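Quantities reported herein were computed from a predicted structural model and do not represent experimental measurements. Counting convention: from 1, in listed order, for ligands and their atoms alike.
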Amino acid sequence: MKAEAGKNVVGSDSEAEKVIKIAGSITVDELAQALGLAVTTLIGELFKNGIVATINQRLDFETAEIMIQELGMKNVRLERKNTAAKLTDEGRRELSKDAVSRPPVVAVMGHVDHGKTTLLDTLLKKKTVEKEAGGITQHISAYQLEYEGRKITFLDTPGHEAFAAIRQHGAMLTDIVVIVVAADDGVKPQTVEAIKFAQGANAKMIVAINKIDREGADIERTKAGLAEHGLMPEEWGGDVIMVPISAKTGEGLEKLLEDILLVADVEELKADVKIPAEGLVIESHMETGKGSVVNLLVTGGELKVGEFVAAGGVYGKIRTMLDFQGKPKGKAGPSTPVTVTGFKELPDFGDRFLEYSDEKSARKAALLYAQGAASEMASANVTSTDLLRMMNVADNSKVFNVIVKGDVLGSVTSVVDSLKLIDTHGEVTLNVVATGVGDITENDVHMAVGDNTVIYGFNVNVPVNISKLAARDGVEVRTFKVIYELLDDARSSMEELLGEEVVEEKVGEMEIMGVFRVTKSEVIAGGKMTEGKVVPRVLARLRRKDEILGEAEVESVQKEKIEAKELIEGEIGGLALKTEKKMVPEVGDKLEFLTREMKKRKLEG
Ligand code: GDP
């Protein structure tokens, strides 16, 4: 985000060690120079690792580090140059002594249907439930309320796990996570995910045990469930505040708000106000007559109407500013959510915004960002994930190409981010060919032709003529209104590409008591079944302690010297094994019996 970010400095700590300081990313040319290599050598090395790079291509820190290892340059050390010296690890500003206290930013999270929306509604006395597709909050928004003369900002983070990506963006904003658990349902997968999120984001947790008005509500059992996941209630000697509430009747909500303020006090949340305004883009969309409508959360300074701002590669002058209830607001300080107009284009969800003194500086900052010179990781054209993926995938890689269209930028970002989270351990690569806001167009179809590319539309339409065109060209257009259905579809498409795998199942085990005949292609041995059973034609694997000595096929089974259909646990009998390589069992060895079959592969998780 800063102009100096593109510059990289080569320094030397000692004769032997060379230190290269990288500000977020570095071009191939700069890295080659810093390493004292011909740029072609570096490009060649990248090529060997599956990356076709140009001289001006930017590599992120991790990629540069991997390349240095690959080149065997042990005396070179990479260091991150702190481009945003004022930002801490979590992306927060380091404070001056003039910092003043600010409202806490609270995210409400939990399992679907446990009552997050109802809680926010009741708190804000405002109905929003009906508007959502699939009953899930689709866009991140923010609200602010006042309790006992103090403000609390709530981030309405989307509930479904599919929005892990969005929530990651929101992480650095969140001071406190209120985890909503329904007392009649207990801890569920997304409850656990919310706990992990809070831990990952270094946020304080407060648990709201909801729906206590319900008949099946069991507060103690819910606490026990939470304790199993490491959240120990205060009243049991732990340090997590758990408040029984009913989002529906309002019971317990005052206590919840008091506890939020209490935690905020302990945390001593502060921000600087005498600095240029800054914050994060939390939602953006186009509106007829207004142009870009952008939700911002101010994190520092004071944003005022008429000021110049840049966010990512976009700049503008704040034309109008409204609070979360749509009332005009002249200025907004730290932790305040506002809706502004005046950006020339749509900034990306998750972009940081900064105030500039005049239009020229704002435009320049946006331009620099757009050119990739000023951004941090985001500007790297090659990231370590790409590199590792390419290294692992090698030639038998399979690629699932997609084009993503969505109704607003926020949804495109979250669909793309969530798609990228579908992990195939490098076996199937998801390649986002293009993204865009708006209905599916002819151009999308053209782009998709030929490469087995699927066009995903989220909350958008497919005009009839486009649908016909796609059908004619054999392009698949799949539209969804609920993001996790889209992700499930992508996941199964990727599973299709994974093909089949061999699945082994252990059916029994025998301890060898005697070996009667060993040739190159046959073993006859006897023993006692210690578990399961053995039948002809299963696989037998010879094991001596932890070592596997060979495999054979069970040709026939004998019980009391007569050919038998099977031997079961506890029985003693003999086996004829057909071996491909000579295998010499000893008394005391184990034979494991296995079946093998081909199964369609599934992605984990
Ligand atoms: P979300 O998916 O977590 O946002 O859950 P919602 O707020 O949409 O709530 C899911 C359902 O539970 C709705 O039918 C709510 O009316 C209901 N609900 C939420 N909180 C309570 C509560 O405290 N008591 C009762 N009885 N029902 C509740």
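Short contacts between ligand 1 and Ser246, defined as distances under 4.0 Å to a heavy atom of the residue, involve ligand atoms 22 (C), 23 (O), 24 (N). Which parts of ligand 1 touch Lys116 is read off a 4.0 Å heavy-atom cut-off, strictly below it: atoms 1 (P), 2 (O), 3 (O), 4 (O), 5 (O), 7 (O). Close contacts of ligand 1 with His114, meaning ligand atoms under 4.0 Å from a residue heavy atom, involve 3 (O), 5 (O). Taking a cut-off of under 4.0 Å to the non-hydrogen atoms of His111, the atoms of ligand 1 that pass are 3 (O).
The closest heavy-atom contact to atom 13 (C) of ligand 1, among the options Val112, Thr118, Leu119, comes from Thr118. Nearest residue to atom 18 (N) of ligand 1 from Lys248, Lys211, Glu251 is Lys211 (criterion: closest heavy atom).
Residue contacts with ligand 1: Ala247 is placed with a nitrogen or oxygen under 3.5 Å of a nitrogen or oxygen of the ligand (distance criterion only).
Heavy atoms from other residues, nucleotides or ligands lying under 6.0 Å from CD of Glu268 number 12 at most. More than 12 non-hydrogen atoms from other residues, nucleotides or ligands lie less than 6.0 angstrom from CD of Gln199.
Residue-level proximity to ligand 1 for Asp213 is carried by the side chain, the only part with a heavy atom below 4.0 angstrom.
Note: Phe480 and Tyr456 have tilted aromatic rings, judged against thresholds of 30 and 60 degrees for the angle between ring planes.
Identified under the side-chain hydrogen bond (donor to acceptor under 3.5 Å, both in side chains) test for residues 255-267, with sequence neighbours left out: Tyr147-Glu258, Arg150-Asp265, Lys255-Asp259.
Applying the side-chain hydrogen bond (donor to acceptor under 3.5 Å, both in side chains) rule to Thr336 yields no partners; only residues at least two apart in sequence or on another chain are considered.
Inter-residue side-chain proximity for Asn459 and Ser411 is flagged as unmet; no heavy-atom pair is nearer than 4.5 Å.
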